[in-house]
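Whatever order the structure lists them in is the order used to number ligands and atoms, beginning at 1.
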Amino acid sequence: MLARGDDRPPNHRTKRYWKVAVLANIKDDTHPKPEGVPPDAFADFDHIETIDSLRSALETDGHETIFIQADMDLPYALKEEKPDICFNIAEGLGGDAREAQVPALLEMLKIPYTGSRVLTNGISLDKTLTKRIWRDRRLPVAPFQEFVAGDESLRPELKFPLFVKPAREGTGMGVDTRAIVKNEKELRERSSYIINTYQQPALVETFLPGREFTVGILGRADAKLYSRNPEWYEKDGFHRFPILELDMRRSVTPKVYSQASKSKEVGEEGAPDYVCPADVEPELEKKLKYFAVRAHQLLNALDVSRTDIRLDDEGNPRLLEINTLPGLTPNYSDLCLQAQAEGIRYEDLVLDILYLGASRWGMVEPREISLEIGKKK
Ligand SMILES: Nc1ncnc2c1ncn2[C@@H]1O[C@H](COP(=O)(O)OP(=O)(O)O)[C@@H](O)[C@H]1O
Ligand SMILES: [Mg+2]
């Protein structure tokens, strides 16, 4: 168990307590959705309870917290509130790189924030671009093709059954069992549906029939210097969470981790079985963790991410996507379940994301490491 009591070494902040603003887009279930948006629009937005949990976690280390809705008034609210740092989980409001909007604004205003920066959040939302980068560096991805118009001729390496999903969404939006297409007719229908409904390209991939895993990563080469939990991090500075398997057999959509299955509570009927740590051969575990770290590094992701991986018909792992703003709802989000499985408290997870972020803005002094030099581990 990696959880610690209050004996953990303190880190050295330039100021003891900060004003931390949690920035997020909140689900509003009380109003009908605006016209012309997909049926599952805003599925990736957060519930206010998640913000409350984050704030309580941050406050356990003495910080003052506020919540600011990441909407069009955000620039004004930031100027008024003047937070020392923002804890960013905002999904953004639209366009081709919405997850990069808040980081871009914060960079412009020179306000420190947690997690990945603009370019990474923009690219990781785009599953096609992400896969091009990974493929270039020989990370295994399923054969894929992007359909922009929908009538493109299918490349010969793409063999049915295929899988069709929006190129730039998350949280299973646009994904249900009809995403699996078995012939040309279904392919054309589904691609047109995705392009028209989601107003973006459709990503067409080989259907991966095997087991599904997600692998969380925390840290950075110099994480030990700033973390309150230096023992979490391996020599390369990364912590690899135990692998979570999404066993979809009993879910509402038995083959895919769809929006419908993701929206069920853990343990609820129709939810997938969340198995953590997954029961996998050591060889496969090593590969999955290696790919998740490489996937994170190749996108220049910062401090935290979760990479989704599925096995192909020969049992080989293929990377689906990386989440650089992974959900942080306690007892529910995949990353939180992974942390829980190894005894990492929610509060400690959230605080480490804060301190790793803050350290990049000079808000935490590096830990004195001279004592550790020459000491064998
Ligand atoms: N090529 C594929 N073959 C089989 N299933 C897939 C494939 N791509 C996605 N899926 C299923 O759809 C789910 C959602 O896809 P993913 O790329 O992770 O998008 P997101 O989680 O951002 O909605 C995956 O968790 C997986 O169950
Ligand atoms: Mg996913």
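Checking I322, L218, N323 one by one against S305, the side-chain contact (heavy atoms from CB on, under 4.5 Å) holds for a single residue, I322. Applying the side-chain hydrogen bond (donor to acceptor under 3.5 Å, both in side chains) test between E205 and each of Q145, K127, K131 identifies K131 as the sole match.
The closest protein non-hydrogen atom to atom 7 (C) of ligand 1 is F163 CD2, 3.5 Å. For atom 16 (P) of ligand 1, the nearest non-hydrogen atom of the protein is E321 OE2, 3.7 Å. In this structure, atom 1 (N) of ligand 1 lies nearest to the protein heavy atom E205 OE1, 2.6 Å. Ranking protein heavy atoms by distance to atom 3 (N) of ligand 1, first place goes to L208 N, 2.8 Å. Of the protein's non-hydrogen atoms, the one nearest atom 22 (O) of ligand 1 is K127 NZ, 2.9 Å.
Contact of the R211 side chain with the V280 side chain is registered, since non-hydrogen atoms from C-beta on lie closer than 4.5 Å.
Of the heavy atoms in Y257, both backbone and side-chain atoms come closer than 4.0 Å to ligand 1. Here T171 has backbone heavy atoms under 4.0 Å from ligand 1, and that is the only part of it that gets that close. Of the heavy atoms in R306, none comes closer than 4.0 Å to ligand 1. Neither the backbone nor the side chain of I180 comes within contact range of ligand 1; no heavy atom lies under 4.0 Å.
At least one N/O-N/O distance between G172 and ligand 1 falls below 3.5 Å. Residue V256 places no N or O, backbone or side chain, under 3.5 Å from any N or O of ligand 1.
Around atom 26 (C) of ligand 1, the closest heavy atom drawn from E169, K165, E212 belongs to E212. For atom 12 (O) of ligand 1, the nearest non-hydrogen atom from the set V175, V141, D40 belongs to V175.
Counting only N and O atoms by type, the side chains of D348 and N229 include no donor and acceptor under 3.5 Å apart. Under 3.5 Å, the side chains of T324 and N121 contain a donor-acceptor pair of N or O atoms. A donor and an acceptor atom, one from each side chain of T120 and N300, are nowhere located under 3.5 Å apart. For T128 and E146, the side-chain atoms include at least one donor-acceptor pair closer than 3.5 Å. Neither side chain, T114 nor N88, offers a donor N or O lying under 3.5 Å from an acceptor on the other. Between N331 and Q340, the side chains place a donor N or O and an acceptor N or O closer than 3.5 Å (distance only, hydrogens not considered).
Residue E321 approaches the Mg ion (ligand 2) most closely through its N/O/S atom OE2. Closest N/O/S atom of D308 to the Mg ion (ligand 2): OD2.
Note: Y113 and W361 have tilted aromatic rings, judged against thresholds of 30 and 60 degrees for the angle between ring planes.
Taking every non-hydrogen atom of R310 and a distance limit under 4.0 Å, the qualifying atoms of ligand 1 come out as 4 (C), 5 (N), 26 (C), 27 (O). Shown in contact with T206 at under 4.0 Å from a heavy atom are these atoms of ligand 1, numbered in order with element: 1 (N), 2 (C), 3 (N). Within ligand 1, counting atoms from 1 as listed, the ones closer than 4.0 Å to a heavy atom of F207 are 3 (N), 4 (C).
Heavy-atom separations between Q259 and ligand 1 are all 4.0 Å or longer.
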- request: Applying salt bridge (Lys or Arg N to Asp or Glu O under 4.0 Å), run through R168 and D96 and close with a yes or a no.
  value: CA-CA 7 Å; R168 298 192 291 253; D96 63 350; 5.4 Å; no

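Note: W18 and Y355 meet the aromatic proximity criterion, with ring centroids under 6.0 Å apart.
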